[in-house]
Structure formats: C-alpha cells, structure tokens
Amino acid sequence: MAEIVLSGHGLTKSFGSAVALAGVDLAVAPGEALAIMGPSGSGKSTLLHCLAGIMKPDQGEVRLLGQRIDTMGERQRSELRRTRFGFVFQFGQLLPELPAEENVALPLMLGGASRGKAVEAARRWFGPLGLAGMESRRPGELSGGQAQRVAIARALVTKPAVVFADEPTGALDQATGHDTMRLLVEATKHNHASLIVVTHDPNVARWCDRTVEVRDGRLLVPAAAGAPLPGREPNGGPYGGPARPYAANAGPAEPYGGDRPVAGPGRGADTQDFPVVRP
Amino acid sequence: MRTTLGLSWRLLRGGGRNGLLGAGLTLAAVAVSTALLLFAVAVNLAFQGRSDREAWRTPVRAAEGTATAVQAVHQDFVRDRVIVVVDVARLSEGAPAPAGMRAFPKPGEVWMSPGLAELVKRLPPGQLGDRYGKPAGILGDDALVYPGELVAVAGHDRDDPAMKATGRVIPNGSSVPPTPVRDFAGQESMNGMVYRSLAIIASVLMVVPLLVFGGAAARLTVARRDQRLAALRLVGATPAQVIAMTVAEAMLTALGGALAGLAAYAALSPLLSGIEIGGGPWFASDLWPGVLPTLGVIAAVPLLVGVSAVVGLRRVVVSPLGVAKRETPPGMRALRLVGFVAALAVVPMLSRDTSAGIIAVVIGAAFLAINLIGPWVVGIIGRVAARTARGPARLLAARRLVDDPRAAWRTVSGVALTGFVAGFIGLASPDATLFETGTADRLRLSVDAGKAQATVREAKARLREAGLDARVTLDEPGDGPGGPADRDRERLIQISVNGGVDRVDTARTALAGLVPGHVPSTLADDDRVSSYMLGDIRTGTVVVLTVSFLIAIVSAGITAASSVLDRRQTYALLRLAGTPLAILDRARRSETLIPLLVMGGGSLATGVFCALPFASGGLGSTTGVVTLAVTVALGLAGVLGASAISRPLLRSVTANPAPRPD
Ligand SMILES: Nc1ncnc2c1ncn2[C@@H]1O[C@H](COP(=O)(O)OP(=O)(O)O)[C@@H](O)[C@H]1O
Ligand SMILES: [Mg+2]
C-alpha cells in the first residue's frame with residue numbers, strides 16, 4: 001500500500017438525532033486527488049470538516065502523517081489548518097476589501113512572513129493561474145472563476161500537505177467550473193499536495209485520481225488510498241499518473257516550477273498559458 | 001400592497017437567528033434615537049413652559065390710563081434659597097387675579113407657593129414666618145417655574161409704601177420696581193430667554209449626532225437586507241416590489257423601535273424630571289412633549305428610516321448584480337474639506353453678543369461639517385495605514401478603512417462628535433471663580449440717603465430686640481452699588497451678623513419691611529441667580545455629554561455588531577482556514593481605534609476652536625480641562641467596551657463550522 005498522508009478511521013458524527021457520518025474509513029496518498037461525491041445532505045461536508053480538523057468526530061480517529069489530529073485542542077488544530085492544510089470554499093472566502101495579492105499573501109503573513117516577502121511570493125501565483133494583471137483588483141472586481149483561482153492560490157501559497165475544497169465550482173457555470181477544477185487539480189499536484197474535493201459534478205470528478213461516493217453518512221465503496229475503485233477504471237484524466245511523494249514543507253510554495261513556467265496546450269481562454277506539469 | 005406587507009412580515013420573521021438579531025439591533029438603535037429625540041424636543045418645550053409660567057412676574061408697563069393694578073417684584077432670601085416676592089395693589093375693580101390665584105389678594109394678605117408654605121411651617125417663625133404672616137392662600141402650579149419654588153404674592157393698599165418704593169434695587173436679577181399694569185400676562189424674563197437659547201444650543205449638540213446615528217441605523221437595515229433583495233431581484237421581483245418590501249420591512253422595524261423608544265422615554269422621564277436646573281426640578285408635565293410633537297416624532301422616525309432605506313437600496317434596484325458584486329466605492333473628493341473650512345471660517349465672526357439662533361446655526365454647521373469630512377479623513381488615514389502596515393491585523397484594519405470609510409466613520413462618529421461637544425463646552429463654560437461665594441454673614445441694604453441715619457438706628461433697635469449680635473455700619477457716600485449717579489440718593493447699610501445662617505435669617509426677618517420694597521441681602525445672595533446659571537451650565541454639560549455618549553456608545557456597539565454580522569461568512573471561512581480569532585479581533589479593534597484617535601482629537605480641537613469666541617475661563621479653566629479629560633477617557637473606554645461586547649458574537653458566528661453552500 002502506498003504511503004498515506006491523511007486518514008480517517010471509523011468516523012462518526014451526529015447532530016442531535018441526525019446522523020451525518022455513520023462510520024467512514026478513508027485514506028489519501030501524497031499528491032493524490034480524491035473526489036467525494038454524493039447527494040445533498042449525505043454527509044460530504046461533515047466528512048471534509050472532520051478530516052480537516054474543523055470538527056471533532058464523535059468517534060474514530062484522524063491522522064496526518066501518522067499523528068492524531070482529532071484529539072488536539074482547538075488552538076492546535078487551528079494552527080494546523082493554517083500551516084498544513086489549504087482550503088477552497090464555494091464562495092465568500094476572500095476578504096472583499098483586500099486586493100487579490102494581499103488575500104493570497106494573508107496566510108503567509110499570519111505565519112509570520114514579512115509583508116513584502118509575503119506579497120512577493122503571492123504575486124508569483126498570478127501568472128500561472130491566468131490572473132496576470134489582477135494582482136491589485138479586489139474580489140468584487142473579479143469574475144467568479146477568477147475569484148476561485150485567487151482562492152486556489154491562497155490555499156496553496158503556504159505549501160500545504162492537503163488541500164480541502166468543498167464544492168469549489170458550485171457557484172460557477174459549467175465551462176468555468178471545469179477550467180477552475182482542472183487548475184485546482186494541476187496546481188495541487190504540482191505542489192505535491194493531496195487534494196480532497198467535494199463535488200456534485202461527475203465531470204469535475206473526472207479530473208481526480210479517485211472518486212468515493214457518500215450515501216447517508218457511509219462510503220458506498222470502501223476504498224484504500226491510491227487504489228482504483230473496484231469495477232471501475234481509474235478516473236482516466238490526463239493527470240491520473242502515479243502520485244508524487246509528499247514533499248517536505250519548507251517555505252512558501254513555488255507555483256509551477258517557480259520562475260520557469262512552461263507554456264503548454266491550454267484548455268480554456270483564461271488558461272492559455274497554463275504550464276504543463278514539470279516532468 | 002397587502003401581499004407585500006405580508007411577505008415583508010414573513011421575511012422579517014423568517015430571517016433566522018442572525019436576521020432577527022439584525023432586526024433587533026435596528027430596533028434598539030431606533031428606540032434609543034426616538035427616546036433621545038423626544039428628550040431633545042421636550043427640553044425645548046420644557047424651558048418654554050417655564051418661561052410661560054414665569055412671565056407674569058415680569059410686568060409690562062400699562063399704557064396711560066389703562067392700568068388696573070400696580071405690581072412690584074423683588075427677591076428675598078432664606079438660607080441659600082431665593083424667594084420671589086411679588087407685591088400687588090389693586091387700582092380698579094377690573095384688576096384680574098394674578099397667575100395661580102383665585103382672587104386678587106386683599107391688602108395684608110400673603111399667598112404662598114406650596115414650597116414656601118411648607119418652609120414657613122418648618123422653620124422657626126423668627127427666621128422666616130414673621131416676614132409674611134400666615135398664608136391666606138396657596139399659589140397654583142401654573143404660577144411656579146418649578147415644583148417647590150419659593151414664591152410669595154403680597155396684597156397691598158395702593159398707597160402702601162411698598163407700592164411706592166423708588167430708587168435702585170441691588171441688581172440681583174429679576175427685581176422690578178412698582179409698575180402699573182393692565183393685567184398679569186407679563187413677558188418673558190431675560191433669564192428665561194437665556195435659558196431657552198442655551199436649551200436650543202444643547203438640542204443642536206444632541207440632535208446632530210442623533211441624526212447621524214439614526215442614518216447609520218437605517219443603513220444598517222438595508223445592509224442586512226441587500227443581499228437577500230438582490231436575490232429577489234434575480235428571481236424576477238420588480239423594482240417596485242423590491243422597494244415596497246424593503247421599505248415596509250424597514251419601517252415596520254422602525255415603528256416598533258419608535259414605540260419602544262417612547263416607552264423607554266416615558267419610563268425614564270421621572271428620573272429626568274429630577275434634574276435640577278435654575279434652582280429646582282421639573283413638573284412631570286414639562287417633560288411630556290405633548291400629543292402632537294410625540295406623534296410627529298413617532299411618525300417621522302419610521303419615515304426617515306424608510307427614506308434612508310430607499311436611498312440605500314437604489315443600487316440594488318438599478319442592478320440586480322450591484323450588491324452581489326462589491327465594487328470600489330467612488331472616491332470622496334476633497335470638496336468636503338472646502339465645506340468644512342467654509343463652516344469654520346464663520347466661527348471667528350461670532351461673539352457673545354451674537355444671537356443664540358445664529359450661534360446655534362453656525363455650531364450646527366461646524367458640527368455637520370465634521371460629519372462631512374469624517375469619512376474623507378478616515379479614508380486618508382486608511383490609505384496611510386495600509387501603506388505602512390506590517391502585520392496582518394493592521395493590514396486588515398487599514399484595508400477596511402480604505403474600503404468603506406463611511407462605515408468606519410459611522411462606528412466612531414458618535415464619540416468623535418462628543419469630542420466636539422466636550423471641546424466646545426469645556427472651553428465655553430464660565431469659571432466658578434467669576435462668582436462671589438464668601439461674605440455670607442454680611443447683609444447689605446440700600447436706603448434713601450436722607451433716611452439713612454434713622455434707618456440705621458431703627459435697624460439696630462430691631463436686631464437688638466431679636467436678640468442678635470450684629471454690627472450695623474453705614475457706607476460712605478459713593479460706595480453704593482449704583483456708582484456716581486446714585487451717590488447722593490442712596491446709601492448702603494452693612495449689617496454683620498455673628499452666629500451662622502439661621503442668625504442671618506433671623507436678621508433678615510427682623511429687618512423685613514424696614515425699607516419698603518427692599519430686602520437686605522449678602523453678596524452671595526445677589527449672585528445666587530448667576531451661580532445657579534453656572535451650576536446649570538455644568539448640569540447641562542453633563543446631560544448633553546451623557547446623551548452624546550449614550551448615542552456614541554450604542555452606535556459603536558451596534559455598528560461593531562452589525563459589521564460582524566455582515567461579514568459573518570468571510571469571518572467564518574477565515575477561521576475555518578485557521579486564522580486565529582485574536583487576529584480578526586485585533587483587526588477589528590484597530591479598525592475602530594485608529595480613526596477614533598484621529599477623528600476624536602480632530603473634532604475636539606474643532607469644538608475648542610468653535611468655543612473660542614465665547615471663551616471666558618480660558619484654556620486653563622479646571623472645569624474645562626477636567627471635562628475634556630473625562631470625556632476622552634470615557635470615549636475610549638466606551639467604544640472599546642462597546643466593540644468588545646460584539647466579541648462573543650464574532651465567536652459565535654465563526655464557531656458554526658458549517659457554512660453550508662448547498
Ligand atoms: N451544523 C449542523 N447542525 C445540524 N445538522 C447538521 C449540521 N451540519 C450538517 N448537518 C446535517 O448533517 C447531515 C450532513 O450534512 P452535510 O455534511 O452538510 O451534507 P452534504 O455536504 O453532503 O450536503 C445533513 O442531514 C445535515 O442536515
Ligand atoms: Mg456540503
């Protein structure tokens with residue numbers, strides 16, 4: 001079995017009498033992109049929140065690189081989320097009064113980086129994400145897709161081990177959603193981070209290495225990290241290759257090979273200069 | 001219309017816990033505004049009422065041949081209180097009864113106010129009662145400035161010396177020599193006019209921040225709704241429906257708030273009527289603004305909120321996406337600065353002699369001008385802070401100031417404007433040292449020069465008879481109060497009494513009627529009315545500052561809470577992503593504190609500047625400095641406290657881990 005970054009075992013969670021999670025086992029390999037699908041109210045967000053240390057599960061355990069995180073106190077988990085995890089939500093996560101570059105720089109500044117260094121590091125993400133020239137725009141002046149790409153940059157800028165995304169394209173039209181999703185998957189992979197993404201859209205899920213289905217708080221098919229779903233082909237997207245080993249967390253992440261962006265075939269108008277994954 | 005109303009009502013109730021909290025905040029804000037607005041209106045009417053009830057004591061000289069009575073007014077004193085003594089004599093049968101009396105008093109009759117009658121019973125007759133004899137009747141409240149006021153109306157024969165008294169009275173305010181009158185309608189006294197003018201200025205100082213606050217509260221209702229309304233627009237509601245619904249909802253909330261404010265005011269007015277001004281408290285009816293003004297306020301408040309809501313909503317209605325997409329607000333031009341400077345340029349032209357109306361207008365304008373440049377200055381502060389910010393909390397705060405300087409200004413405007421009030425009053429207040437307080441044991445009595453020696457002998461005899469240890473001397477000519485003009489007509493008798501205030505009152509009683517129409521008085525007595533005025537200005541200062549602080553702190557608390565509510569999603573998501581609550585909190589604090597320090601200081605300086613033309617105590621006046629220091633300390637503490645209160649709110653909106661996008 002492949003190395004495991006993040007795992008949950010026997011996770012249960014109830015809200016009053018409503019059972020949101022009824023015993024879930026899930027593991028994610030380094031660099032793996034995992035899609036969580038399922039109908040509304042089936043427990044996807046709750047699972048994500050438990051894995052990300054936002055919520056404590058009622059039972060079960062969550063480990064990051066072998067270390068229990070569900071038993072940590074709120075302060076420690078908060079620190080962990082800030083330093084080891086990245087988050088992309090559906091919308092509303094950017095501070096409306098901050099220019100895009102400062103929104104991206106914020107997590108670095110929270111981690112103690114100087115403002116100058118943080119903003120400089122943040123700016124490097126704009127070109128590769130198709131956001132060149134948008135650095136000083138504010139979220140209200142960006143389209144929905146652009147705002148989500150800023151959010152992706154913000155999630156990745158701290159070089160996290162795992163990126164969590166809860167319906168990151170839910171507020172976008174289909175074409176923009178697909179472009180954004182592809183960027184999310186590629187950028188995450190490029191930074192050797194694992195990705196756990198909740199989505200309704202099977203087409204979106206196709207970009208990921210693996211898909212799990214949640215129904216009534218249970219996984220339909222228990223799946224091991226890195227293993228293809230039984231009876232199904234691996235999500236054959238162009239990035240379904242072998243997962244990269246998890247890279248040690250040191251300093252701000254470099255977007256797509258730092259200052260060596262490589263032009264490649266683009267998919268959407270916004271992403272023409274999107275660099276191909278570094279060989 | 002009915003469906004619109006019904007829908008609004010359901011929206012109001014169905015808004016969830018946060019929605020209700022928002023509506024509750026608006027309701028509280030409107031309630032406080034309404035209560036204070038009622039107070040500001042009532043204050044003016046209350047002083048008007050006092051003036052009206054006092055008018056009969058300021059006689060108007062009747063035209064030749066129309067007089068029906070003679071009226072004279074002087075002040076007598078007991079302990080440290082003033083007794084207003086009105087002497088009247090009938091000239092013809094047609095003479096009407098003076099105010100508060102059923103009939104014209106017969107010669108020798110004395111009518112007393114309830115307060116005086118009570119005091120006569122309580123003190124030994126030798127100290128007070130013997131001056132007037134038994135009360136023949138009790139004056140009604142409509143003749144009294146305040147409950148418990150000491151007033152006596154003495155009936156005389158038309159030939160009584162008291163009704164013929166000539167010569168100067170020691171100038172102690174409201175004494176009037178015998179004057180033929182047609183009736184007792186009278187006219188407003190100087191004193192009454194001064195108090196009414198001060199009341200107008202005080203109202204301006206209270207109402208301006210109130211309006212700013214009310215506007216903020218109204219915009220708060222819209223801020224709470226605009227997102228939902230934009231959504232309604234997106235699903236196809238017509239602009240008219242959207243407007244009608246918002247306005248109905250805002251006005252419904254405001255009406256509830258206005259009624260709550262009325263109830264709060266009614267509950268507080270017994271407390272307010274205990275505030276002593278001009279020597280005494282208020283009749284309960286004084287602080288009741290009357291049916292029409294009350295209805296006016298209750299109707300005007302929801303209307304203003306409704307109008308403010310419409311204005312705030314224009315953008316949503318014009319474009320359904322206008323709100324969902326936040327855009328950079330249009331820059332504020334330096335034009336505002338020009339308006340501010342223009343308003344201040346007028347100030348040096350004012351002086352103590354300028355009429356109160358004009359002073360009120362100029363001060364109101366300067367005051368509003370601060371409100372005009374407030375957001376502009378906050379924007380500049382924000383840009384400077386944004387450029388220099390190093391840490392995340394500072395940066396967040398600065399960006400917020402740049403993004404919405406109006407909102408930031410709204411949070412601190414109350415306290416900043418209070419700074420203006422404190423600066424103004426702190427400098428304009430007269431100093432206590434202007435008034436005489438000593439020599440409380442030396443009575444003075446002015447007398448016709450020709451009768452001086454005889455009067456001294458008589459005074460000595462009377463004092464001896466009353467068993468008092470007193471020294472009676474006659475001032476040299478020319479020492480009299482009237483200066484050279486009176487030199488030959490009047491002399492001043494000085495009576496030093498040993499043994500304390502009750503002995504002094506015994507002396508006053510013994511000397512009553514010695515010089516018809518004149519009573520002996522100490523220097524302190526003569527300044528009594530003026531020192532009331534000094535005390536009243538202090539009381540007024542405390543009242544006005546309390547009101548502005550109330551507004552300031554409530555508005556700071558409400559805007560802080562509403563800014564948390566408005567941004568709850570972003571805050572929640574930031575916290576999910578691991579942003580420490582402390583950073584968000586520190587950002588919120590700086591966001592208030594930075595503009596508060598700059599604008600509070602600025603408007604305090606403006607207040608001082610506006611008060612310069614009226615300054616008497618000078619900057620060194622302790623009252624002024626203490627007022628300023630207390631204001632600054634309370635302002636900072638109040639605003640920080642108010643925004644600290646919204647901290648649990650921040651915790652609770654961010655604690656919910658389920659921002660549920662689906
Ligand atoms: N904070 C909460 N309080 C109460 N019930 C909740 C809360 N969060 C989720 N639930 C309930 O748990 C179940 C799963 O919710 P969720 O994980 O958000 O579903 P999904 O994201 O798959 O739509 C639902 O029935 C939901 O109503
Ligand atoms: Mg969900």
Side-chain angles (χ1 to χ4, degrees), chain A residues 15 20 40-41 44-46 49 52-55 74-75 77-99 102 105-112 114-116 118 137-144 151 154-155 158 164 166-168 170-171 198 200, chain B residues 227 321-329 379 382-383 385-405 407-408 563 566-584 586-588 591 651 654-662:
Chain A
F15 298 99
S40 192
K44 305 182 297 292
S45 297
T46 308
H49 290 156
I54 289 169
M55 271 176 195
E74 163 60 25
R75 190 179 286 272
R77 281 183 290 131
S78 173
E79 157 109 30
L80 190 82
R81 296 200 296 269
R82 195 172 71 240
T83 54
R84 310 306 305 274
F85 295 156
F87 292 89
V88 182
F89 299 103
Q90 189 169 9
F91 64 85
Q93 57 210 303
L94 300 179
L95 278 165
E97 61 271 8
L98 251 51
E102 286 175 13
L106 189 61
L108 294 176
M109 290 178 73
L110 288 174
S114 79
R115 183 176 168 189
R137 290 223 196 154
R138 288 186 296 171
E141 299 163 328
L142 298 173
S143 74
R154 200 191 62 175
T158 53
F164 296 91
D166 196 346
E167 308 199 24
V198 169
H200 276 310
Chain B
Q227 208 149 355
L321 293 173
V323 171
K325 275 185 72 166
R326 286 181 57 117
E327 273 134 27
T328 317
R383 272 191 288 280
R387 208 166 303 138
T388 56
R390 311 188 78 115
R394 250 311 158 74
L395 183 65
L396 288 179
R399 285 294 177 208
R400 190 123 152 77
L401 294 184
V402 178
D403 179 57
D404 199 351
S563 99
D566 286 347
R567 300 147 56 76
R568 57 181 175 272
Q569 193 190 15
T570 307
Y571 279 147
L573 293 179
L574 279 174
R575 191 164 171 211
L576 290 197
T579 309
L581 205 56
I583 297 270
L584 296 180
R586 207 178 316 145
R588 267 165 16 91
E591 176 186 318
R651 191 177 295 277
T654 58
N656 177 6
R660 322 241 305 271
D662 53 349

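All values reported here derive from a predicted model rather than from experimental measurement.
- In terms of heavy-atom proximity, A/Leu106 sits nearest to B/Pro392 at CD1-CB, 4.0 Å.
- Atom CG of A/Leu95 and atom CG of B/Leu584 lie 8.0 Å apart (nearest 0.5 Å).
- Here B/Arg394 contributes atom CZ and A/Met109 contributes atom CE; the two are 12.0 Å apart, rounded to the nearest 0.5 Å.
- Here the closest heavy-atom approach between residue B/Arg400 and residue A/Glu97 is recorded as CD-OE2, 3.5 Å.
- Using a 4.5 Å cut-off between heavy atoms, A/Leu94 touches chain B through its backbone atoms (N, CA, C, O) alone.
- Of all non-hydrogen atoms in B/Leu395 and A/Leu98, the two that sit nearest each other are O-CD1, 4.5 Å.
- Between atom CZ of residue A/Arg115 and atom CZ of residue B/Arg387 there is a gap of 9.5 Å, rounded to the nearest 0.5 Å.
- In this structure, the portion of A/Arg154 lying under 4.5 Å from any heavy atom of chain B is its side chain and not its backbone.
- Only one option out of A/Phe164, A/Phe89, A/Phe85 pairs with B/Leu576 in a side-chain contact (heavy atoms from CB on, under 4.5 Å); it is A/Phe89.
- Remark: side-chain polar atoms of A/Arg81 are paired, donor with acceptor, to backbone N or O of B/Arg575 under 3.5 angstrom.
- In terms of heavy atoms, A/Gln93 sits closest to B/Leu574 at O-CD2, 4.4 Å.
- Taking 4.5 Å as the limit, every side-chain heavy atom of B/Pro580 sits out of range of all side-chain heavy atoms of A/Arg75.
- Remark: A/Arg82 engages A/Glu79 in a salt bridge (Lys or Arg N to Asp or Glu O under 4.0 Å) (not counting sequence neighbours).
- Partners of B/Ala385 under the side chain to side chain contact (heavy atoms under 4.5 Å, CB included) rule, at least two apart in sequence or in another chain, are B/Ala398.
- Heavy atoms closer than 4.5 Å to chain A are found in both the backbone and the side chain of B/Ala389.
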